[in-house]
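Values reported hereafter were calculated over all heavy atoms of this structure, with side chains retained and with hydrogens, waters and symmetry mates removed. Chain letters run A, B, ... following the sequence lines, proteins first and then strands; every chain starts at 1.
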Amino acid sequence: MLLDPSFYRRDNVVTVARELLGKALFTKVDGKITAGMIVETEAYSSVERGCHAYDNRMTDRNKVMFNDGGLAYVYLCYGIHHLFNVVTNATGKADAVLVRALEPLEGVGHMKKRMAVEGEARITSGPGKLSKALGIDRQLNGETLWSRQLWLEDIGQNPGNGRIVRSRRVGIDYAGKDAALPWRFTIKGNNWISK
DNA sequence: TACGTGATCACG
DNA sequence: GTGATCACGTAA
């Protein structure tokens, strides 16, 4: 079942990050449908230093975050990797959830071809890898999450609280003390979590 | 541990 | 205009 816009438009981005675990992310790029179940997320909010929109600083890159929830925020990191985020909250409240890892569900052959790998490679176990595997790049920046090319579904796989692990976010040492916030969520024991 | 890679951001 | 930086991934 397609996720409703109201799912994204709540004011607590940390709650949305937790509830995105077990949901499915679909793309249809170049006519190829690919999908994976979300197993790792991180919350980012304009009130803390880890966020591109900290202190409501709006730039060309991050302006999508200031829209109503339910849009994709995709940007290029380290000149190589496209990172996919879910914009949440209301207009003017620049919050987002970084999707960091998926368990493949559909179109695995297409994904492996895009990754140029064969066999049992872990093709979606990281934010840069999953974007490449699903064909996500900045052309999808600003798309709604109920569009023809990109959408999210509830597939009845929501993990209970006992299967969710909270930890600090990865790769944001620049955020000072905010780097310690326990805003990363993973599904306990899942094989597809990033390193 | 080292570094590729190029858009972005804060300078002024 | 310019230079430092970066929500990563891979090789070693």
Side-chain angles (χ1 to χ4, degrees), chain A residues 8 12-18 20-21 23 25 36 38-67 69 71-89 93-104 111-143 145 150 152 165-187 190-195:
Chain A
Y8 308 103
N12 189 334
V13 66
V14 177
T15 298
V16 177
R18 187 179 67 238
L20 277 169
L21 294 178
K23 303 296 194 290
L25 171 63
I38 297 171
V39 300
E40 176 178 349
T41 62
E42 286 177 355
Y44 289 86
S45 168
S46 57
V47 301
E48 49 85 20
R49 301 188 116 85
C51 184
H52 289 165
Y54 173 59
D55 201 24
N56 287 321
R57 180 172 50 90
M58 183 161 65
T59 66
D60 270 348
R61 178 177 67 166
N62 72 14
K63 62 189 177 190
V64 167
M65 293 181 70
F66 289 80
N67 283 293
L71 303 186
Y73 170 43
V74 184
Y75 70 95
L76 187 65
C77 185
Y78 295 107
I80 306 171
H81 309 289
H82 297 271
L83 269 54
F84 170 75
N85 297 257
V86 169
V87 174
T88 72
N89 213 329
K93 310 276 189 157
D95 296 349
V97 176
L98 173 67
V99 176
R100 289 190 55 88
L102 304 175
E103 178 176 323
M111 295 191 216
K112 287 181 179 173
K113 198 156 188 176
R114 287 181 179 134
M115 302 297 282
V117 298
E118 298 173 6
E120 299 301 304
R122 300 177 69 243
I123 47 180
T124 51
S125 60
K129 292 162 75 177
L130 74 88
S131 293
K132 186 171 181 188
L134 270 67
I136 295 171
D137 64 19
R138 286 179 300 163
Q139 290 195 344
L140 296 176
N141 188 42
E143 276 294 319
L145 299 175
L150 180 67
L152 272 79
V165 177
R166 282 184 83 142
S167 57
R168 50 190 285 160
R169 296 172 293 176
V170 175
I172 55 160
D173 291 343
Y174 61 85
K177 68 173 171 41
D178 291 332
L181 292 170
W183 285 11
R184 173 173 179 242
F185 296 92
T186 57
I187 295 182
N190 187 279
N191 287 326
W192 294 89
I193 293 165
S194 71
K195 292 185 301 201

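- The two residues Arg169(A) and Ala43(A) have their closest heavy-atom pair at NH1-O, 2.9 Å.
- Salt bridge absent: Lys177(A) and Glu48(A) never bring a charged side-chain N and a carboxylate O closer than 4.0 Å.
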Tabulate atom names and distances for all N/O pairs under 3.5 angstrom spanning the protein and nucleotides 6-8 of chain C.
{"from": "dA7(C)", "atom 1": "OP1", "to": "His52(A)", "atom 2": "NE2", "distance (Å)": "3.2"}
{"from": "dA7(C)", "atom 1": "OP2", "to": "Tyr174(A)", "atom 2": "OH", "distance (Å)": "3.0"}
{"from": "dA7(C)", "atom 1": "N9", "to": "Tyr75(A)", "atom 2": "OH", "distance (Å)": "3.3"}
{"from": "dA7(C)", "atom 1": "N7", "to": "His52(A)", "atom 2": "NE2", "distance (Å)": "3.0"}
{"from": "dA7(C)", "atom 1": "N1", "to": "Asn85(A)", "atom 2": "OD1", "distance (Å)": "2.5"}
{"from": "dC8(C)", "atom 1": "OP1", "to": "Arg100(A)", "atom 2": "NH1", "distance (Å)": "3.3"}
{"from": "dC8(C)", "atom 1": "O3'", "to": "Gly128(A)", "atom 2": "N", "distance (Å)": "3.4"}
{"from": "dC8(C)", "atom 1": "O2", "to": "His81(A)", "atom 2": "NE2", "distance (Å)": "2.7"}

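- Arg57(A) comes within contact range of the sugar-phosphate backbone alone, with a heavy-atom separation under 4.0 Å but no base atom that close.
- Comparing the P positions of dT5(B) and dT2(C) gives a spacing of 22 Å, expressed to the nearest Å.
- Using a 4.0 Å heavy-atom cutoff across all strands shown, Arg138(A) reaches sugar-phosphate atoms only and no base atom.
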Test log, rule side chain to side chain donor-acceptor pair (under 3.5 Å), inputs Lys63(A) and Thr59(A): CA-CA 6 Å; Lys63(A) 62 189 177 190; Thr59(A) 66; over 6 Å; no

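- With hydrogens and angles left out, the side-chain atoms of Glu40(A) and Ser194(A) include a donor and acceptor closer than 3.5 Å.
- Remark: Phe84(A) CZ to Asn141(A) CG distance equals 10.5 Å, nearest 0.5 Å.
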Check the pair Ile193(A) / Ser125(A) against side-chain contact (heavy atoms from CB on, under 4.5 Å), numbers first and verdict last. CA-CA 5 Å; Ile193(A) 293 165; Ser125(A) 60; over 6 Å; no

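- Applying the Watson-Crick and G-U wobble criteria (two distances, each under 3.5 Å), dA10(B) pairs with dT2(C).
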